[in-house]
**Q** 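Got a structure for you, written out below as structure tokens; questions coming shortly.
In this text, all values refer to a predicted model and were calculated from it rather than measured experimentally. So that the names make sense, note that chain A is the first sequence line, chain B the second, and so on, each numbered from 1.
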Amino acid sequence: EAAVTQSPRNKVAVTGGKVTLSCNQTNNHNNMYWYRQDTGHGLRLIHYSYGAGSTEKGDIPDGYKASRPSQENFSLILELATPSQTSVYFCASGDPGQGKDTEVFFGKGTRLTVV
Amino acid sequence: GDSVTQTEGLVTLTEGLPVMLNCTYQTIYSNPFLFWYVQHLNESPRLLLKSFTDNKRTEHQGFHATLHKSSSSFHLQKSSAQLSDSALYYCALSAIMGYKLTFGTGTSLLVDP
């Protein structure tokens with residue numbers, strides 16, 4: 001069964017501090033994604049990756065960095081956290097390609113509060 | 001760029017009544033994939049329906065939707081709402097299966113007894 005695991009599940013950070021959100025997938029999917037979820041905005045793409053060593057900017061990348069050190073792991077980094085980054089963050093994985101019919105699977109989410 | 005519009009933020013209805021959640025989209029892709037994701041409280045979004053075939057009805061778990069490219073629409077319907085259908089529903093599109101998704105703002109469905 002497809003599995004995407006996020007850690008931590010909850011995090012309280014101080015303004016100006018560094019925050020790292022981690023994601024691990026055991027699906028052997030090439031692509032991984034970071035979304036944030038906010039009422040009135042839905043799910044918005046922050047960064048994504050095509051594979052180890054690759055990171056791409058999504059629709060709202062400002063204030064975030066991403067790292068994909070391996071096929072399995074994809075991190076989201078907030079170098080200087082701000083209260084506006086308080087949100088629920090979802091990691092997801094998918095495996096696009098001709099002939100493939102693999103859906104995008106989501107992790108359980110990380111609730112981040114920046115105070 | 002791509003966009004998905006869900007006009008209703010909240011839909012409240014009584015158990016047993018029909019459900020219709022609206023979704024329209026704009027995209028650069030000539031053959032986009034359209035999806036409905038459902039998210040129950042404190043859970044992650046999970047795929048409910050998908051389609052890329054024009055004018056073909058797709059069904060799952062009592063819900064159905066038909067992709068109409070002529071009107072760029074993919075509305076979600078169910079003939080009779082159940083209490084357990086209360087959840088947040090997202091319409092989304094993508095170029096291909098497994099690729100990055102563009103989501104609408106979501107519609108909260110609340111079914112009352």
**Q** So if I take each residue of residues 70-93 of chain B and look for any heavy atom under 4.5 Å from a heavy atom in chain A, which residues do I end up with?
**A** B:L88, B:Y90
**Q** Tell me whether A:I77 is reachable from A:V114 by hopping between hydrophobic residues (I, L, V, M, F, W, Y) whose side-chain heavy atoms are closer than 4.5 Å.
**A** no
**Q** Would B:W36 end up clustered with B:I96 when hydrophobic side chains under 4.5 Å apart are linked, directly or stepwise?
**A** yes
**Q** Non-hydrogen contacts under 4.5 angstrom with chain B: give the residues of residues 41-60 of chain A involved, or none if there are none.
**A** A:H41, A:G42, A:L43, A:L45, A:Y48, A:Y50
**Q** State plainly whether one hydrophobic cluster holds both B:L48 and B:F52, where clusters connect Ile, Leu, Val, Met, Phe, Trp and Tyr through side-chain heavy atoms under 4.5 angstrom apart.
**A** yes
**Q** Of A:Y33, A:Y35, A:F90, which meets ring-ring contact (aromatic ring centres under 6.0 Å, His included) against B:F103?
**A** A:Y35
**Q** Just wondering, more than 12 heavy atoms not from B:E15 lying within 6.0 Å of its CD?
**A** yes
**Q** Quick one: does B:Y99's side chain have a donor or acceptor within less than 3.5 Å of a partner on A:G94's backbone?
**A** no
**Q** Do B:E43 and A:F106 come within less than 4.5 Å of each other through their side chains, counting heavy atoms only?
**A** no
**Q** Checking an interface table here. Which of residues 104-113 of chain B come within a heavy-atom distance under 4.5 Å of chain A?
**A** B:G104, B:T105
**Q** Count I, L, V, M, F, W, Y as connected when their side-chain heavy atoms are under 4.5 Å apart, and connections chain through other members. Are A:L21 and A:V4 then in the same cluster?
**A** no
**Q** Considering only heavy atoms, which portion of B:F35 lies under 4.5 Å from any heavy atom of chain A: side chain, backbone, both, or neither?
**A** neither
**Q** Is B:I28 reachable from B:Y25 through a run of hydrophobic residues whose side-chain heavy atoms are each under 4.5 Å from the next?
**A** yes
**Q** Please report the closest heavy-atom contact between A:G107 and B:S44, naming both atoms and the distance.
**A** O-CB, 2.8 Å
**Q** For the residue pair B:M97 and A:E103, establish whether any side-chain heavy-atom pair is separated by less than 4.5 Å.
**A** yes
**Q** Which atoms of B:Q6 are under 4.5 Å from chain A, going by heavy atoms: the side chain, the backbone, both sets, or neither?
**A** neither
**Q** Residue by residue, scan residues 53-65 of chain B and write down, ordered by number, those that have a heavy-atom distance under 4.5 Å to chain A; if none do, write 'none'.
**A** none
